[in-house]
Amino acid sequence: MDHKLHLDLVYENNLDTDKFARMFNNKAQSYKFYWFEAILNLTKTSEEDLSFEDVIDEMICEAWHTVTHYHLRLGPTVNGNAENFLEHAINTLNNTVTDLSQNPSKEELKQAIRECEKELKRDKTRLTDYVPYKLLYPFFNVEGMEEGLLYIKNDKHSRLIAYMAKLSGNENLFYTILDGVGLQKKIRMNPYWRKFLLQNFSVIQSWVQYNKAQFLQDRNPGVPGIIYKICPENEKIRKLDQARDLWKAVAEFTGHPIKEIYTGHDIPIETLSIDHFVPRSYISNDELWNLIPMRRSLNSSKNNRLPFWDEFFGPFARYQFYLYGLIFPEDSSRKSHILISKFERCRKNNINAIWASENLYIPGNSDAQFVNILSHNLKPIYESAQLQGYDTWKIKIDQI
């Protein structure tokens, strides 16, 4: 897929869309994507000049789930520590405000940002050191604008702002910067570029997100499904109904209640939910080999965390093999046509990995073979999630 902007966009007043498309060139951090995306969002709702602080607050909201839920790195790391001021600001906010909801709204986040003004000020100020100016580089890289380009190259921000104040307005800059104190500097959108954004909003938004996903994939090479992790997860894309039905059918066929591997408790059918052993936010799929029955309340407690491998992989694998043995019994006369039917319905949405369809869910695996295949493929994913910063879940005594 081509990441360049080759589209029949609506524009007027001789806007140079080639300059526009080159705004994301030469990026070492993700700031340009989030700065631009924040402007895009705010421009949709307001015609007012935007303060640097307004834009940065919107950046924090846009990147919140990517950092806190999906544990993605937004830029380079040094000795395991984030070297990205946006990522650091989000982690500071998350660690400072303890009463944020699990999936906070933008309004809730912006209220928390206001409450943490002192704690966030350094990161927010550093975020304005370069990106508001560097984003404009392509618009100054033309004949007649050499003076402004020199100021951008040498980070002479005050001189650049003064230079922009003297321009006629016919240069069709994406925006100009109005002088102010610190975070109260403002950007003033070119009205023609603003109209261009609004008329092509969906196309431009998709283009930005695609470029951002490519950048984040390079910075998080071991993480699957980056494209799904640049915005809050859509619950509708989960495909757990067939897996839930399969486990319900197991209880009906065997006459025995479903067991919870984490506690050993029976799971009442009315409270049955399906847990991802490695969190879905990391693995980005609903594969059957990573799913296990769990009480709804305990599933909420586990949330977005990893169980202890040494303690729980054994019970997890044995219960997976219990399901496997019912679907592929050694004695073919004990086959349940209802279970086979439910399992086949799972194949479409819940068994897509080649190793699972060709090696795991086939007749003839012994207990040891099944567990070895599962461990060989699941443990590297588990360890990669650990490296990405996923916390380990500790069961409370009153939950056992």
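- Remark: of the listed residues R188, R194, K185, R188 is the sole one forming a salt bridge (Lys or Arg N to Asp or Glu O under 4.0 Å) with D49.
- A cation-pi arrangement is present between K44 and F201 under the rule of less than 6.0 angstrom and at most 45 degrees off the ring axis.
- Taking a 6.0 Å sphere around NZ of K110, one finds it holds more than 12 heavy atoms contributed by other residues, nucleotides or ligands.
- Taking a 6.0 Å sphere around CD of E143, one finds it holds 12 or fewer heavy atoms contributed by other residues, nucleotides or ligands.
- Residue-environment remark: CZ (R22) exceeds the threshold of 12 foreign heavy atoms within 6.0 Å.
- Judged purely by atom type and a 3.5 angstrom limit, S30 uses its side chain to pair as donor or acceptor with the backbone of L74.
- Side-chain atoms of Y31 come within 3.5 Å of backbone atoms of F85 as a donor-acceptor pair (strictly under, hydrogens ignored).
- Between the side chain of Q217 and the main chain of N220, a donor-acceptor pair closer than 3.5 Å is present.
- Between T66 and I230, the shortest heavy-atom distance links the atoms OG1-CA, 3.6 Å.
- When every heavy atom of Y228 is checked against every heavy atom of Y70, the shortest pair comes out as O-OH, 3.8 Å.
- When all heavy atoms of I187 and I177 are compared, the closest pair comes out as CG2-CG1, 4.3 Å.
- Under 4.0 Å is where a charged nitrogen must lie from a carboxylate oxygen, and between K124 and E117 no such pair does.
- Within 6.0 Å of the CD atom in E383, the count of heavy atoms belonging to other residues, nucleotides or ligands exceeds 12.
- Taking the charged nitrogens against the carboxylate oxygens, R126 and D129 do have a contact shorter than 4.0 Å, which makes a salt bridge.
- In this structure, H65 and H69 have perpendicular ring planes: the angle between them is above 60°, well past the 30° mark.
- For the residue pair E115 and Q111, a side-chain donor N or O sits within less than 3.5 Å of a side-chain acceptor on the partner.
- Judged as a ring-ring contact (aromatic ring centres under 6.0 Å, His included), the pairs with a partner in residues 281-307 (not counting sequence neighbours) are, in order, Y282-Y390, W289-W355.
- The closest donor-acceptor contact from the side chain of N84 to the backbone of E87 lies under 3.5 Å.
- For the pair N299 (side chain) and M294 (backbone), a donor-acceptor distance under 3.5 Å is absent.
- At a threshold of 4.5 Å between non-hydrogen side-chain atoms, the residues N211 and F33 count as touching.
- For the residue pair L291 and Q320, the shortest heavy atom distance occurs at O-NE2, 2.7 Å.
- Under the 4.5 Å side-chain criterion, counting only non-hydrogen atoms from C-beta, T43 is not in contact with W193.
- For the pair D391 and R305, the salt-bridge criterion is not met [side-chain N within less than 4.0 Å of a carboxylate O].
- In this structure the side chain of F139 reaches within 4.5 angstrom of the side chain of M23, judged on heavy atoms.
- Linking Ile, Leu, Val, Met, Phe, Trp and Tyr whenever their side-chain heavy atoms come within less than 4.5 Å puts I274 and F253 in one cluster.
- Remark: E37 engages K212 in a salt bridge (charged side-chain N to carboxylate O under 4.0 Å, His left out) (not counting sequence neighbours).
- Taking the six-membered ring where the residue is Trp, F174 and F36 present parallel rings, their angle staying beneath 30° rather than reaching 60°.
- In the hydrophobic cluster analysis, where Ile, Leu, Val, Met, Phe, Trp and Tyr join through side-chain heavy atoms closer than 4.5 angstrom, I340 is grouped together with F321.
- Residues L306 and P279 have side chains in contact (heavy-atom distance under 4.5 Å, counting atoms from C-beta outward).
- Annotation for V55 and A38: closest pair O-CB, 3.5 Å, computed over non-hydrogen atoms.
- The two residues S366 and Q369 have their closest heavy-atom pair at N-OE1, 2.8 Å.
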Between D155 and K134, does a salt bridge (Lys or Arg N to Asp or Glu O under 4.0 Å) hold up when you go through it step by step?
-> CA-CA 9 Å; D155 300 319; K134 298 292 188 185; 3.4 Å; yes
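- Relative orientation of the W393 and Y262 rings is perpendicular, given thresholds of 30° and 60° on the angle between their planes.
- By the criterion of side-chain heavy atoms lying less than 4.5 angstrom apart, applied directly or through intervening Ile, Leu, Val, Met, Phe, Trp or Tyr residues, L167 is grouped together with L160 in one hydrophobic cluster.
- Using a cut-off of 4.0 Å between Lys/Arg side-chain N and Asp/Glu carboxylate O, R345 and D245 are scored as not salt-bridged.
- No more than 12 heavy atoms of other residues, nucleotides or ligands shown are found within 6.0 angstrom of CD1 on I338.
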